[in-house]
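Step one of this worksheet: look at the structure below.
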Amino acid sequence: MNDMTLLERSVEQTEIKISAQDVQVWYGEKHAIKDVNVDLLDKTVTAFIGPSGCGKSTFLRCLNRMNDTIESCRVGGRIALDGEDIYDRRVDPVQLRARVGMVFQKPNPFPKSIYDNVAYGPRIHGLARNRAELDEIVEKSLRGAALWNEVKDRLGEPGTGLSGGQQQRLCIARAVATQPEVLLMDEPCSALDPIATSQVEELIDQLRAEFSVVIVTHSMQQAARVSQKTAFFHLGNLVEYGNTDDIFTNPRDPRTESYISGRIG
Amino acid sequence: MSDATIEGAPRATQPKSSLLVADPHTRRRHAAEARFRAYGLGAIVISMVMLVVLLFTILTGGIGAFRQTYLEIPVTLEDAQLDKNGNRDPADLGKVLTLTYGKLLQQSLEKVVADKGIAIADLSAKDLSGLISKEAPARLRDQVLANPDLIGQTITARVLVNGRIDGYYKGRVTMDSALRDANTSPAQLQLADALKAQGMLATKWNWSFLTSPDASDQRPEAAGVGIAILGSLYMMLVVLVLAVPIGVAASIYLEEFAPKNRWTDIIEVNISNLAAVPSIVFGILGLAAFINFGGLPQSAPIVGGLVLTLMTLPTIIIATRAALKAVPPSIRDAALGVGASRMQSVFHHVLPLAMPGILTGTIIGMAQALGETAPLLLIGMVAFVKNFPSAPPEGLFEPASALPVQVYNWTQRADPAFIERASGAIIVLLVFLLCMNVLAILLRRRFERRW
């Protein structure tokens, strides 16, 4: 495993990318997210931690309106991306999702070639004017996802034929290819082995240079390794949000302390 | 959290049993499993035997329809009889009736019998003329009208023989049964044998079964499934053009776009119910809606196609929805996650993955429609049709028959030769169904991808 030393903690960035105020989510009658207020910073990795069913994934999916696909889900409050309310009537979720990319828990490459997987986003958003530009985007994205060297000779092969870790990095490359501003990751390593996990974690740290990354994780070690900011969710409430160092070394709330020390969850 | 070994853990209280001896409980479970396997195997064996019996019956009964007995005799097409004016004017030629050609054939046969010195006791004139099929003069007439230059020549005419003579060479008619038969006699059969010995009568491969139209009760030897095949093809064309786009579009909308509420639930239940509605009900619906209200012609493939479309839609919709449901939601998430619209996610990713299932369902639905009889009876497809419909689109509005209806029709007729024809038509129908199934398998292979 990687060394457990905490990464460089200095959070130079102070620019707010996503600002959530009084966010409420209901699934039918169930009140899943209650009064969440949080400001996510640009070019920063923010980790959402908390026990299962605490709403961290739900909140993550609110940030690019993936919850719209769930029939019974209602969202209240205000979530602003660069100051614009993403739940405004005029906002097209399709356009929003191009700016707020997402990587899912289970690697889900399209059953197409590796090239087509990465090129799909740029194609539908018209990011490339010709084949050469598209090639360039694909190469850049695959390099960005630390996958280029492994697949450059077999771009025509199906993405589903890669190993689990490679598939997940392919999904990251696919998300990166649409040139988003924010990258949401829903437990991206939960289906991966430790080696693949460490590769993805390294990748997340590199991605921080260009994107604001939000990662949901069950592993507190992972949160500590990759994130600069950490938010702890419990039973639909945002219990504590702060610098990762502070959360892990000096939690203010007793529930955070219990969770971190393994007493709840 | 726990140690690998725990001190003082309770040991199993039961006395240790040997692994080498199965305990009674295990034996019972294995016996149950063995019984279940036997039931399953029995079911398979029974169904295979049934299938073999079915195929054997149909094949032995119907293969005869593809062979037909023909008489080949020299016929002199005399000017004096066929073209009195000698000017080969088609209008004048057309005035010469089939009856004249019948006499011509009869004279030619008499001449052959006399020339070859065939002498058969008790051979009446009726036996001699009855050897030739009632359809034969009409075919000879068509041949001459198509090519008037034949008049004046002596041609070797290929003449259909009576269905009883044909049946004699297929084992349907024997000397004994001919004795009791008003339509043939042992003398006639002996004549046929004598002609066969001269090499003038032979049972050959019968293309005309596949190409000729239906024939009347008196001439089973001339009946074919040509119009029925064409009518069935036209109807399948209508079903393909209408049912597939409508069915697939409806299922995509219901599965991927429609909100899940009470209305869509009601629609869903009703589609499932429609799939269970007896097909004859669709026939009544078609009669009322398309013929009485819509004013479309009776017996026309367009009406048949529309009725079968209605009948096939639920099958296609249910199969397509199942195929769409089977596509893992993670693919939809992946597409939406990179900013694809709902429609892009469906058409770029979900639909290609669902394609094998959709194709299978569609082809099963079409195969079902191809074999459907009851609704077609109600919209007049059961009519006797002698003229081929023209090419689509006009042909869709002209009377035609359909394969299953033709089978039904022929089984109603008295002459046992029609039973053979009916089995032959079933073979044609089965071949069509088999082709469609092969197509389904090939398409499924072609589109199948793993994820």
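We name chains A, B, ... by the order of the sequence lines, and we start the count at 1 in each one. All heavy atoms count here, side chains included; hydrogens, waters and symmetry mates do not. The structure displayed is predicted, hence computed values, not measured ones.
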Side chains of residues 306-313 of chain B: which donor-acceptor partners sit under 3.5 Å, not counting sequence neighbours?
{"from": "B:Thr309", "atom 1": "OG1", "to": "B:Gly305", "atom 2": "O", "distance (Å)": "2.6"}
{"from": "B:Thr312", "atom 1": "OG1", "to": "B:Leu308", "atom 2": "O", "distance (Å)": "2.4"}

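- Other residues, nucleotides and ligands place more than 12 heavy atoms under 6.0 Å from the CD atom of A:Gln206.
- Rounding to the nearest 0.5 angstrom, the gap separating the OG atom in B:Ser341 from the CD1 atom in A:Ile124 is 7.0 Å.
- A:Gln95 CD: 12 or fewer foreign heavy atoms inside a 6.0 Å radius.
- With respect to chain A, the highest number of heavy-atom pairs below 4.5 Å among B:Gly337, B:Ser330, B:Ala334 belongs to B:Ala334.
- A:Asn108 contributes no side-chain N or O that, together with a main-chain N or O of B:Ile331, makes up a donor-acceptor pair within less than 3.5 Å.
- Heavy atoms only, all atoms of each residue included: B:Leu353 and A:Pro111 are closest at CD2-CG, 3.3 Å.
- Going from atom CG of B:Asp333 over to atom CD of A:Gln105 covers 11.5 Å, rounded to the nearest 0.5 Å.
- You'll find the side chain of A:Met66 reaches within 4.5 Å of the side chain of B:Leu336, heavy atoms only.
- Here ring pair (Phe, Tyr, Trp, His ring centres under 6.0 Å) pairs that include residues 93-131 of chain A, with residues two or more places apart or in two chains, are A:Phe110-A:Tyr120, A:Phe110-B:His349, A:Tyr120-B:His348, A:Tyr120-B:His349.
- Nearest heavy atom pair, residue A:Thr178 against residue B:Val338, reads CG2-O, 3.7 Å.
- Within the 4.5 angstrom heavy-atom criterion, only side-chain atoms of A:Arg61, from C-beta onward, approach chain B.
- If you measure heavy-atom distances from B:Pro329 to chain A, you find no contacts under 4.5 Å at all.
- Surrounding CZ of B:Phe293 are at most 12 heavy atoms belonging to other residues, nucleotides or ligands under 6.0 Å away.
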